[in-house]
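For reference, the structure is listed below as structure tokens.
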Amino acid sequence: MEFEKVVTSRHSVREFSNLAIDKQTICGIIQLAQRAPSWVNSQPWKVYAATGKPLKDIKSAFVKNETDGLKPNSDFPVMHRNDWSENAQENMKQWRHEIVHHFESFDEAHTEMTDASENLDHSPVILYLTIPKKSPLWSVFDVGAFAQTIMLAAKDKGLDTIPTYNSVRYPDVLRKILNIPTDETIVVGISIGYSKDSLINSYKSKREPIDDIFKFIK
Ligand SMILES: Cc1cc2nc3c(=O)[nH]c(=O)nc-3n(C[C@H](O)[C@H](O)[C@H](O)COP(=O)(O)O)c2cc1C
């Protein structure tokens with residue numbers, strides 16, 4: 001696929017079909033993403049691909065934790081919405097408004113978003129990215145570049161993705177089922193698969209005007 005098309009057509013998919021993806025395809029995507037830059041080529045990332053029964057067990061354990069009222073405790077702390085910069089708050093508010101209005105009614109939006117959240121987007125595979133606990137902040141930059149390269153490489157192969165906090169909100173479950181060592185920080189889960197032709201997946205988020213974020217100083 002042409003590069004610009006890959007970049008512009010990537011968007012977060014929240015309902016995947018149950019079509020399987022073979023290990024070789026995923027491996028090829030990860031291998032390509034390993035070309036991402038990192039501080040002094042430290043390559044701090046690791047990837048744990050959850051599929052099949054382990055992924056089913058993760059989904060069940062998350063539902064149980066939620067039902068039992070267990071407080072999420074992702075490895076990266078979550079900052080309260082009101083503490084973000086005003087600009088970020090405004091963008092997040094705008095996004096919520098747009099996605100809700102993409103549906104017929106608030107109830108429909110709520111049902112679809114809850115279904116996506118509870119079922120971890122029905123993804124057939126979730127790629128869990130980690131970095132060592134012994135990492136500088138720069139490694140977060142590195143793993144972000146790695147993550148985006150995974151998502152673009154996936155798109156190039158006709159696959160869709162969504163990075164989620166939702167899939168890492170109970171890290172103890174992930175450590176147990178995926179054997180993730182305690183000296184690694186679980187950063188994000190990237191759901192990957194084939195997109196379902198559904199209303200929720202037809203939503204495409206907007207971006208700020210370029211002049212609001214880009215200053216060309218002469
Ligand atoms: C670190 C991170 C965590 C995210 N967590 C979630 C999540 O838990 N649930 C969700 O529906 N979307 C999640 N997203 C997806 C964002 O909502 C999405 O990237 C953003 O709205 C821009 O839309 P796009 O990816 O379709 O371009 C997350 C994105 C990032 C980068």
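Just so you know, these numbers come straight off a predicted model, no measurement behind them. Atoms within each ligand, like the ligands themselves, are counted from 1 in listed order.
- Near I162, meaning under 4.0 Å from any of its heavy atoms, are these atoms of ligand 1: 10 (C), 11 (O), 12 (N).
- The shortest separation from a heavy atom of R207 to ligand 1 is under 4.0 Å, placing the residue in contact.
- Close N/O approach between S12 and ligand 1 is found [any backbone or side-chain N/O within under 3.5 Å].
- With sequence neighbours left out, the side chain to side chain contact (heavy atoms under 4.5 Å, CB included) criterion links W84 to M79, A88, Q89, M92.
- One option in M92, R10, R14, E98 has a heavy atom closer to atom 17 (O) of ligand 1 than any other, and that option is R14.
- Against a heavy-atom cut-off of under 4.0 Å, N166 is close to the following atoms of ligand 1: 8 (O).
- Under the 4.5 Å side-chain criterion, counting only non-hydrogen atoms from C-beta, R14 is not in contact with E112.
- Residue contact check for ligand 1: R169 places no non-hydrogen atom closer than 4.0 Å to it.
- In this model, a donor atom of one side chain and an acceptor atom of the other lie less than 3.5 Å apart for H122 and D115.
- Given atom 5 (N) of ligand 1, the protein heavy atom at minimum distance is Y165 N, 2.9 Å.
- Under the side chain to side chain contact (heavy atoms under 4.5 Å, CB included) test applied with T161, the options H11, K155, M151 reduce to a single match, M151.
- For ligand 1, none of its N or O atoms has an N or O atom of H11 under 3.5 Å away.
- In terms of polar-atom proximity, defined here as any N/O pair under 3.5 Å, P163 does make such a contact with ligand 1.
- For ligand 1, the atoms sitting less than 4.0 Å from at least one non-hydrogen atom of S205 are 22 (C), 23 (O), 24 (P), 26 (O), 27 (O), numbered in the order shown with element in parentheses.
- When I200, V188, V168, T164 are checked for heavy-atom proximity to atom 7 (C) of ligand 1, T164 turns out nearest.
- Not counting sequence neighbours, the partners of D75 by the side-chain hydrogen bond (donor to acceptor under 3.5 Å, both in side chains) test are R175.
- A 4.5 Å side-chain heavy-atom check between L174 and I58 finds at least one atom pair inside the cut-off.
- Annotation: atom 20 (C) of ligand 1 to nearest protein heavy atom, W95 NE1, 4.5 Å.
- Of the residues H101, E98, H102, the one that meets the side-chain hydrogen bond (donor to acceptor under 3.5 Å, both in side chains) test with Y203 is E98.
- In this structure, a donor-acceptor pair under 3.5 Å is present between the side chains of E184 and Y48.
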